[in-house]
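Everything numeric here is computed off the predicted structure, so don't read it as measured data. Quick note on labels: first sequence line is chain A, next is B, and so on, each numbered from 1. The figures that follow rest on heavy atoms only: side chains count, while hydrogens, waters and symmetry mates do not.
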Amino acid sequence: MSITYLEAIREAQARALADDPRVFIYGQDVGAFGGAFKATKNLANEYPGRVIDAPISEDAMIGMAVGAAVEGMRPIIEMQFADFSTVGFNQIVNQAATLHWRTRVSCPIVVRLPSGGTSGSGPFHSQSMEALYAQYPGLVVMTPATVEDAYSMLLEAVAIDDPVIFCEHKYLYYHLKADRLPTEALPTGKAAIARTGRDLSIVAYSAMVHEALAVAEELSGEGWEIEVVDLRSVKPLDTDTVMASVARTGRLLAVGESWPWGGVTAEVVARVASEGFNLLDAPPQRLNAKDTPIPYHPNLWTVHRPTARSIAAAARQLLRS
Amino acid sequence: MSITYLEAIREAQARALADDPRVFIYGQDVGAFGGAFKATKNLANEYPGRVIDAPISEDAMIGMAVGAAVEGMRPIIEMQFADFSTVGFNQIVNQAATLHWRTRVSCPIVVRLPSGGTSGSGPFHSQSMEALYAQYPGLVVMTPATVEDAYSMLLEAVAIDDPVIFCEHKYLYYHLKADRLPTEALPTGKAAIARTGRDLSIVAYSAMVHEALAVAEELSGEGWEIEVVDLRSVKPLDTDTVMASVARTGRLLAVGESWPWGGVTAEVVARVASEGFNLLDAPPQRLNAKDTPIPYHPNLWTVHRPTARSIAAAARQLLRS
Amino acid sequence: MVLGRVLDEKFATLYRAGKIHGGVFLGRGQEALSVAVGMQLQPGDVYAPLIRDQAGRLAFGETVLDAARTYMGSALGPMRGRDGNVHRGRPKAGYIPMISHLGSNIAVVNGALLAKRMKGQNGVVGAACIGEGATSTGAFHESLNQAAIECLPLVLVVANNQFAYSTPASRQFACEALVDKAPGYGVTGHSVVGNDLVQCLAVLRGAIDAARNGGGPQFVEATLLRLCGHGEHDDAGYISQEHKDSPLGRDCLKIAEEQLLKAGVADSDTVRQWRNEVVLEVDDAIAKVQREPAPDPYQEDWCALASRHLQETHSHLED
Amino acid sequence: MVLGRVLDEKFATLYRAGKIHGGVFLGRGQEALSVAVGMQLQPGDVYAPLIRDQAGRLAFGETVLDAARTYMGSALGPMRGRDGNVHRGRPKAGYIPMISHLGSNIAVVNGALLAKRMKGQNGVVGAACIGEGATSTGAFHESLNQAAIECLPLVLVVANNQFAYSTPASRQFACEALVDKAPGYGVTGHSVVGNDLVQCLAVLRGAIDAARNGGGPQFVEATLLRLCGHGEHDDAGYISQEHKDSPLGRDCLKIAEEQLLKAGVADSDTVRQWRNEVVLEVDDAIAKVQREPAPDPYQEDWCALASRHLQETHSHLED
Ligand SMILES: Cc1ncc(C[n+]2csc(CCOP(=O)(O)OP(=O)(O)O)c2C)c(N)n1
Ligand SMILES: Cc1ncc(C[n+]2csc(CCOP(=O)(O)OP(=O)(O)O)c2C)c(N)n1
Ligand SMILES: [Mg+2]
Ligand SMILES: [Mg+2]
């Protein structure tokens with residue numbers, strides 16, 4: 001048997017629906033059609049009345065989820081693409097994220113964001129929005145990089161009593177396969193060491209973990225041992241694991257698929273610089289996408305975002321410094 | 001004569017309307033009423049037909065501005081509070097910010113965001129959104145800290161051929177006064193040295209500049225010379241001036257009024273750590289607001305955001321390290 | 001209704017005395033409408049009032065103490081000083097605390113109603129109250145449409161008080177009456193003169209019953225005038241004398257008193273006595289709350305998450 | 001209209017051959033409506049088409065080359081490979097390039113119309129095209145209301161093709177007809193059978209003239225059926241046979257041909273000849289574009305700002 005990242009997301013939702021009557025799914029085309037990416041395939045059939053087609057109303061979709069959560073439900077909202085969450089932004093950051101702090105009533109909703117770039121998708125179907133949501137208090141932001149995490153973290157997301165922004169990467173949907181679904185997982189908030197090494201820590205998340213792993217493999221041929229840290233969730237961000245890795249390697253390269261101003265790489269580098277300054281043998285470095293909208297043409301796109309090639313170049317430079 | 005930060009904003013708009021027939025103002029209650037804060041007082045009268053009351057439709061307000069800009073106008077949009085820009089967010093980051101890159105047609109709009117905390121304003125009338133907008137490519141984000149900058153930067157904002165997010169601080173509206181309007185100013189993108197020193201660089205922007213200056217004054221009594229860098233605009237962020245300051249002092253404290261994850265302080269610390277690692281004599285530090293919504297009660301609010309008191313404590317700690 | 005007015009007046013007095021942090025927003029002139037909504041809801045119903053609904057909140061079951069504590073920033077209030085003035089509620093009691101972004105609370109009511117239906121709780125309704133200005137928001141549109149698609153028992157009450165802050169209705173919409181929007185959503189529309197208590201009670205009763213009995217969303221437009229500033233900082237100089245002199249400018253409290261007298265339900269002594277009673281009640285509550293502790297920032301846990309273990313602790317400096 | 005269809009078919013063929021990056025979205029079944037909008041606009045007017053408006057775009061003046069270059073990602077196209085497929089336009093020619101977020105382009109048209117009015121350019125109109133699914137967005141509502149308040153010459157054309165991706169209209173709105181929304185905005189409503197060219201021409205002519213002559217926003221609901229998938233990746237299995245067999249399922253091109261023949265404007269030979277001509281035109285254009293350079297990332301300036309001096313250069317690492 002082999003299961004893709006996308007199938008894992010479907011399976012996690014099937015299991016959540018099966019295990020907990022409070023769970024329901026709401027999103028455009030998620031019902032009979034099974035979702036734009038088929039992440040809810042057959043679920044409307046298997047769980048009648050609990051997988052509901054939404055109108056093209058992202059603001060009201062999130063607002064609805066918050067109201068249902070107040071009444072004890074645990075809704076999963078599918079955004080058709082992460083990019084469209086900008087029109088539901090207010091309800092996420094001001095309604096969902098503040099509810100518990102203001103009222104002590106928890107707001108257990110999951111917002112699934114099909115995220116990140118794929119070839120030919122262009123400026124409005126490729127965005128990575130984890131850092132926008134991570135800035136706001138009151139949200140948990142997950143960025144699974146593996147089939148196993150896609151499954152177990154989505155189940156975790158449903159179980160958590162807070163709004164969870166679940167950034168699933170569209171590039172990994174079909175590209176990534178595993179033999180079976182996991183039976184156990186790291187707790188939320190814990191980063192994973194995706195590969196151990198002693199010369200350099202590459203801290204990444206989501207699709208960039210795989211680019212980083214490819215670099216580690218490539219550079220192992222040149223005698224370098226590169227450690228790859230998979231953040232798993234960017235909020236909370238597991239500073240301890242990052243710091244422990246940098247303590248071992250003395251060198252840090254933070255890699256993110258999103259834009260260069262702010263974002264996860266800034267937060268990672270800033271934390272390590274503040275709290276682990278003396279662990280560093282060389283200036284910590286960052287690699288991000290370019291500071292323009294995400295281009296449509298594959299020629300441009302592959303240069304716009306970090307790839308194994310550009311990460312390897314950055315890593316070599318840093319290893320030599 | 002004495003002029004407040006708020007009056008400077010009004011005067012800049014009056015001057016822009018007078019000098020350039022392409023300028024108009026659109027916002028809720030900006031017309032006969034003169035705006036919720038009176039930043040457009042009398043302007044509707046003085047420039048008939050060019051200061052227009054908008055319905056409560058932030059999305060359409062920004063969309064309208066983009067269309068008018070395409071036709072060669074230079075609209076200024078007033079959001080009643082920065083916080084409400086979340087419902088115009090999509091039009092700002094996806095419509096306005098991408099236009100030039102996609103089409104080579106420039107999008108000279110200014111979005112004025114009355115920003116930041118004031119006592120008793122609570123979670124939805126106190127937010128600082130500069131870092132959200134700075135993350136997106138295609139935007140210029142200004143954060144004036146002085147009466148002079150409020151005036152000259154707003155005129156600059158109108159002159160610039162790109163969408164400018166103009167974060168004016170409500171706390172400074174009435175608190176800050178100058179003797180006269182400036183006749184010259186630093187160019188956009190240049191940070192200012194608000195106070196020179198040699199022991200520590202505090203990098204701040206907007207209202208926090210004044211808290212930092214108070215700390216510099218206080219600590220000068222203890223024999224410390226603290227340099228205060230006023231970023232003026234957070235995108236572009238003037239890394240050179242920051243780096244030059246850190247080169248002089250060897251110590252960095254970045255202070256921001258917004259939340260601790262990401263944001264301006266992360267970007268500043270990350271840049272200095274990456275590019276100026278060897279300039280640092282101690283780990284660079286950050287001070288931000290707490291990671292909760294902004295509280296209503298003044299007792300909570302004054303502890304939630306950084307103040308001269310907490311900045312002084314952080315500065316002392318850093319000076320001793 | 002009288003209690004709402006008296007409590008509002010008390011807050012205004014406290015505001016002028018500098019004893020309230022932040023703004024004060026009154027329902028003056030809108031109490032008849034507000035109370036007609038609040039008092040006709042039942043336990044198990046959902047209620048999302050807005051800034052001018054002191055009367056309705058009390059009628060729905062809010063205590064004077066909850067209101068006073070929130071306005072005065074008492075640590076013992078439902079919002080514990082974290083949020084203030086009109087931003088209060090008790091979600092688990094169906095009382096939705098507004099966020100400021102206009103129109104945003106309607107979909108929250110929809111969600112609560114959908115959940116109740118999923119849980120098999122029928123015969124409930126949800127009332128969401130907004131001003132005419134909020135009908136210009138995308139959130140209003142999306143959520144009313146959503147309620148219509150799901151055929152939810154939503155009663156959407158629009159207090160068309162002619163102004164949104166300073167902006168007159170003519171700069172807010174171009175239809176003849178807001179109720180003309182109802183057919184475009186496939187929902188039932190109702191119109192009512194908003195300063196007439198008897199009418200408000202009847203029309204709201206009709207709308208609430210219709211929603212409760214499966215008639216789907218009900219859209220109610222009440223026409224009235226705000227008899228105060230947008231907030232107590234605002235003298236409302238933009239409201240013309242003509243407006244004030246029109247029938248809409250009549251105080252709903254006066255009209256209600258006349259109606260009571262005419263119907264023989266009460267005489268003017270009784271009405272005066274009611275007022276005296278609620279003045280005492282309000283004074284007592286305020287006196288009590290003024291002695292209560294303000295929130296202590298050093299007792300505050302500064303934790304935005306229900307899952308405390310997931311809250312980040314910033315060992316990098318933080319105020 | 002024929003050109004639109006033929007070009008669409010070509011893109012579909014290229015897509016199936018794997019020669020197009022990203023999606024392909026067709027206007028099959030909607031050409032009559034689309035062309036009726038595009039061809040009745042004049043220079044100086046504003047046009048914001050959507051994904052199914054190949055026919056209208058060409059009628060408005062877009063060249064086959066512009067369309068082909070954008071779909072094929074040529075560096076010489078108006079979007080230079082930065083954006084693709086239906087995301088194209090020439091803003092300075094009044095041709096607004098869509099962003100994906102549905103409903104967002106209507107307010108942009110409003111802004112262009114307001115600016116034209118401020119500049120004293122009268123007698124112009126702006127047409128914005130959307131599907132029935134987009135009427136559920138807040139952006140649709142805010143911008144139609146905005147146009148009504150400002151009495152702008154906006155013609156908002158809704159192609160109600162019964163589905164938004166897979167979602168049937170019954171899950172998108174609950175009103176009887178979308179045109180019922182018009183009175184709620186205070187704008188004029190028009191209905192038209194969207195696969196009937198003659199009707200489309202007449203109704204759009206009426207709406208466009210009314211807007212041009214100061215009649216304020218016009219709302220047009222065209223009823224039709226999408227005769228293809230949402231995109232070429234979609235087999236539209238969710239569209240029932242019943243739908244396809246209904247009058248809406250008739251191909252507008254067929255109907256138009258019959259109308260032409262009946263009116264004696266053309267005989268079937270002429271029509272066949274038209275088709276052959278445009279096939280050649282399209283083939284030529286595609287052949288040309290296929291030889292054109294793709295964008296070169298190392299020539300790209302990676303600058304999102306018009307003010308180049310304000311673009312940040314990241315000396316911290318960047319791909
Ligand atoms: C989305 C949004 N934009 C702007 C505001 C600022 N604001 C607060 S109240 C108000 C006027 C509201 O008018 P209306 O809806 O008619 O209610 P009323 O005050 O008349 O009761 C405005 C513009 C807001 N709260 N939310
Ligand atoms: C705000 C937003 N949400 C979701 C989408 C994803 N999406 C793209 S097209 C589409 C369906 C559009 O249906 P309709 O408006 O009826 O147009 P049609 O495709 O039928 O022509 C959806 C949901 C989007 N583009 N924008
Ligand atoms: Mg009003
Ligand atoms: Mg459709």
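Within a 6.0 Å radius of CZ in B/Arg248, more than 12 heavy atoms belonging to other residues, nucleotides or ligands are found.
Between D/Arg57 and D/Asp53 there is no salt bridge, since no side-chain N of the basic residue sits under 4.0 Å from a carboxylate O of the acidic one. Between D/Arg90 and D/Asp66, at least one side-chain nitrogen of the basic residue sits less than 4.0 Å from a carboxylate oxygen of the acidic one, meeting the salt-bridge criterion. The pair B/Asp19-B/Arg74 fails the salt-bridge criterion, with no side-chain N (NZ, NE, NH1 or NH2) lying under 4.0 Å from an Asp/Glu carboxylate O. At a threshold of 4.0 Å, the pair D/Arg88-D/Glu62 counts as salt-bridged, since one of the basic side-chain nitrogens sits closer than that to a carboxylate oxygen. The pair D/Arg117-B/Glu71 does not count as a salt bridge, with every side-chain nitrogen at least 4.0 angstrom from each carboxylate oxygen.
Only the side chain of B/Val105 comes within contact range of chain D, judged by heavy atoms closer than 4.5 Å. At a 4.5 Å heavy-atom cutoff, B/Arg22 makes no contact with chain D through either its backbone or its side chain. Looking at D/Pro91, both its backbone and its side chain come within 4.5 Å of chain B, counting heavy atoms on both sides. Contacts of D/Asn105 with chain B are made by both backbone and side-chain atoms, with heavy-atom separations under 4.5 Å. When heavy atoms are compared at a cutoff of 4.5 Å, B/Gln91 approaches chain D solely by way of its side chain, counted from C-beta outward. For chain D, the nearby parts of B/Leu237 are the backbone and the side chain; heavy atoms of each come within less than 4.5 Å. Within the 4.5 angstrom heavy-atom criterion, atoms from both the backbone and the side chain of D/Leu305 approach chain B. Contacts between D/Leu310 and chain B at a heavy-atom distance below 4.5 Å involve backbone atoms as well as side-chain atoms.
Most heavy-atom pairs under 4.5 Å with chain B, from the set D/Val108, D/Leu113, D/Ile96: that is D/Val108. Most heavy-atom pairs under 4.5 Å with chain B, from the set D/Lys116, D/Gln121, D/Glu150, D/Gln146: that is D/Gln146. Note on B/Asn94, B/Ile160, B/Ile52: by heavy-atom pairs under 4.5 Å with chain D, the leading option is B/Asn94. In terms of non-hydrogen atom pairs under 4.5 Å with chain B, the most contact-rich of D/Lys92, D/Arg80, D/Met79 is D/Arg80.
For the residue pair B/Gly189 and B/Asp238, the shortest heavy atom distance occurs at O-CB, 3.2 Å.
Using bins of under 30°, 30° to 60° and over 60° for the plane-to-plane angle, the ring pair B/Trp101/D/Trp302 lands in the parallel bin.
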